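The structure presented is a predicted model; accordingly, all values stated were derived computationally and were not measured. Note on naming: letters A, B, ... go to the chains in the order of the sequence lines (proteins, then strands), and numbering restarts at 1 for each one.
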Amino acid sequence: MTIDLFEPAEPAAAQRYVDVALPLPVRRAFTYALPSELASRVALGSRVAVPFSSRKLPGIVTRIDTTPAEGVSPRPIAGVLEDEPLFDPELLALLVEAADYYLHPIGEVLRAAAPALRAEAVRALRASGFLESATELPGARVATRSVLVVRLVPDAERPARLGPRQRQLLALLESRGEVTLEELADHLKEPRAIVRSLEQKGLVHTESREITADPFFRDPVASDAPPEPTSAQRAAIDALVGALRASQPATFLLHGVTGSGKTEVYLRAIAEARAQRKGALLLVPEIALTPQLVGRFRARFGDSIAVLHSALTEKERAVAWRALRSGAVTLAIGARSAIFAPVRDLGIIVVDEEHDPSYKQEEGFRYQARDLAILRAHRAGAVCVLGSATPSLESWSLAREGRHRLLTLDARPGARALPPVEIVDLARHAKGPSGDRRISAPLHRAIEQTLAAGDQAVLFLNRRGFSPSLRCEACGELETCPACSVPLTEHRRAGLVRCHYCDYAAPIGTTCRACGQPALEPLGLGTEKLEEVLAHTFAPARVARLDRDTATGASIEDVLDRVRRREIDLLVGTQMVTKGHDLPGVTLVGVILADQSLAFPDFRAAERTFQLLTQVAGRAGRGERPGRVIVQTYQPHHFAIRAAAKHDFLGFAESELEDRRELGYSPYGRLVAVRIDHGDPDRARAAAELIVAHARAHELSKSGRVEVLGPAPAPIERLRGRWRFRLMLRARERPPLRRVAQSVIARIDEGVLGARASVDVDPVSML
DNA sequence: AGCACGCCGACT
DNA sequence: GTCGGCGTGCTC
C-alpha cells in the first residue's frame, strides 16, 4: 500500500446510517452506522452482521440513509453476509407492512421469511471470530445432495450408428426433457457408461445439480395437452388473461362448484403470466398440497417449479428460495407461508380454496395469507385470483360490492351431476340395526347397498376419540380438564382421557373426580367408537379411520391410497377426509352429525357447516358410478344444511348475510370498543397492541373473535391517574360481546398481555 | 432473546 | 452478613 502525502485528503463523506431488523422480540429495527468501505455492498434487503449489546447478530436492512434517533449513538455494521440483497424492495415492503399490521416483531418476521445463511458465509464469520461458537444460525449445517441431470443437446446431429440402449435413452430424454441419473437407473442398467458415451458424441449434456428427494418430484409426470375449456372456463380464462394483458392489478373471486374445473382456469392464467415472462404464485390449503396437485402443474409447466412445503430441510428451502429470487424458477406453489416466496416480477397470485381456515396462521406471527395475497398482488400490479366452491362471506360480500370481480363456473365438465343429498332427521328416525342411534336406518341401508355393490363409503364425523365426554351417572358431573374446564375426550385405544384444547392427558379413570363414585359412562360418539361400531356391524367389511390420531403428514396420503387400491371399504374420518384427491370408488358419503359444526361457538358456524357439507358431499361419485350423500342432523330445517343439500351457495350466502344483518353484524361481524385502563401508559399500550395483534389475525381466543377497525394503536388518554386505551373492534362471534370481554380479561389474568389492566367492552354501533 | 441491575428471603 | 429468586429495563 502506498500513501501519497501530497494528495489532499478526501473530503470526509457524510456518515450514513441504516436500520437493521434483528431476530428479537422487539417491534422495531435498530440504527447502525454504515462504514464507507461497506457502503457499496449494502442495500435495502441486505443481510448484514451487527454488534448488539454483547452479542453479534444477523439482521436485514429495512431502511437506508436513516437518521439516528436522538440520544442513540449507532455502532457500525460489522459485515455483509451476502452480496445480493435477500429481499427485493417490493417483498421487503410487504413483510414490513405485514409485521406492522399484525404487530409482530419485524426481525422475527424477516428471519422466518429468509432462507438459511450459506454455509460458507457462516464459516467466514466464524473464522473472523465474529460469531461465538454457540451462535446458531438457521441451517448452518445441512447436508447437501447433488445429482447428475442429463439433458439432450438441442439440434445435435445423430450418428447413424447408435446402440439400442443409447437410442432408448435418447427417446426417454425426448419425451421427458431431462432426467436424473438416478431415474435412468430405473429404466436401464448401468446408465453412467451410456450417458458418458453420448456426452462424448455431443448428444447429451450433463450437469450436477442440487436436488431433493422431494415427494413432490419423485414420480415422473407425463406432460399433458391442455384440454379444450368449457364455455364457462373460457369466459373466466378470458377475463383473467385480459387483466394480465392490461397490467392492471385486479382481484377476482372465482366461484366454481366442486369439479367445475377451477384448476384448468388457474393453469391457463398462469400460462399467460409465464408467456409474459412474469412470475406466478399458487397458494393452496395445507392439506391440499399433494404430489397429485403438483403433478398437474408439472405436467403443464415442467419440473421448474418451487414447491414450498414444511418437510423441506433448511437447505432445500434455501435452494428453492434462491432459485425463485434469481428468477431461474418463476412459479411457486405452497401453503400459507408461500405468500412470502420471493417470486420475481409477479404477474399472478392464485389462492385456491380461499375460504380455507388454514390460510390463517394461528400462532406467533398471526396473519391471513389470503388477505396478504390481495395486498401483495395489488402492490405488484398483479392479478389475484381467489378460487372456491364455497367462498368465504368476506370475499363474497366484497365481490358483491364490486371490490372483487366475480367469475362463475357452474357446469361440471363432462356433466357429472352433483350427487343428491338426503337429509335424515335423527329425531324422527329409529336407530338402525347396529343399535347405535347415530347410524340411522336409512344410513345403515345405504351402507349395506354400497358394500353389496362393491363400492366404498366415507363416513364423516368431526369428533376424534372414542367418546367426546365422560359423565358420572351418580352425580351427573362431566370429567373436565383441570386446566381448561373443557370436557375430556376418552381415547380408549390409547387408554387416555385427553383435553382437545390444551392436550392435557391422563389415564382413563373409573371413578368420578367430583363425587368419587365408580360411575363414569361414555357420552357421545367419536371416530374411534364409530370405527369400532362399523367394523362390528358390517363385518367383514374393512374399516379404516383417518383423523389426527391415526394420521400424521404423509400417512394421510397412504391411507387415501389404500382406499384407492380398494383395500378399505368404509373410511371413517374427520375433516381430513374432506380434502385431497379423488377417491373414485366412493359412492356413498355419510355425515354422521351435521349439528356438530353448527353448534360451534363461533359466528361463522353456519358458514363452516355449509363449507364442510359441500366439501364432504363432493367426495361422492367422483368416479364412474353415481354418488349419494346422507346428512344426519337434529336440525333438518336449518338453512345451512338445506342450502348445502341443494348445492345452493347463493341461497346460503344471501340467507347468512341477512342473518348477520338481523343480528346486528356486518358481513364480517360486529362493532365493539375495548377500553383498557392501566396506571402505566406503556403497559396499557402493550396490552392494547397484543389485543390488536390477536384480533388482526381474526383470533382473539378460541371463543372470542374480533378484528380491528381503523388505525391502531389508538391514542392513549390520561384520566384520573389511569391511562386509558380505546380500541375499535368488530366482534366476529355470536353471541359476541360478553365472550370478547371475557377472553380479553382472561388473557390479562393469565399475564399473556403483560399488563394488569382492567378492560371493559361495550357495543358501539352497527355498521 | 439475552443480559444487567435490583430489591427481598434462607444460608455457608 | 451474602447467595439468588426472577421482575423490570435495555439493547442501535
Measure CD/A:Glu108 against C1'/B:dG2 and give the value in whole Å, please. 13 Å

Rounded to whole angstroms, how far apart are CZ on A:Phe52 and P on B:dG2? 11 Å

Using only heavy-atom distances, determine whether the side chains of A:Thr66 and A:Asp19 contain a donor-acceptor pair under 3.5 Å. yes

Using a 4.0 Å heavy-atom cut-off across all strands, classify A:Pro25 as base, sugar-phosphate, or nothing. base

Over all strands shown, is A:Tyr32 touching base, sugar-phosphate only, or nothing at heavy-atom distances under 4.0 angstrom? sugar-phosphate

Roughly how many Å is it from CG in A:Leu57 to P in C:dC12, rounded to a whole number? 10 Å

A:Tyr32 and A:Tyr17 aromatic centres sub-6.0 Å: no

Counting any heavy atom closer than 4.0 Å, what does A:Val20 reach on the DNA or RNA strands: base, sugar-phosphate only, or nothing? nothing

A:Val26 has its side chain closest, among B:dA1, C:dC12, B:dC3, to B:dA1

Under 3.5 Å, is there a donor-acceptor pair between the A:Ser46 and A:Glu82 side chains? no

Between CZ of A:Phe30 and C1' of C:dT11 the distance, given in whole Å, is 5 Å

Validation row, ring centre A:Phe340 to ring centre A:Tyr367 under 6.0 Å: yes

A:Lys56 NZ - B:dG2 P separation (whole Å): 16 Å

Within this structure, what is the CZ-to-P distance between A:Arg55 and C:dT11, rounded to whole angstrom? 13 Å

Rounded distance in Å - CD1 (A:Ile106) to C1' (B:dA1): 17 Å

Interatomic distance where CG belongs to A:Leu24 and C1' belongs to B:dC3 [whole Å]: 12 Å

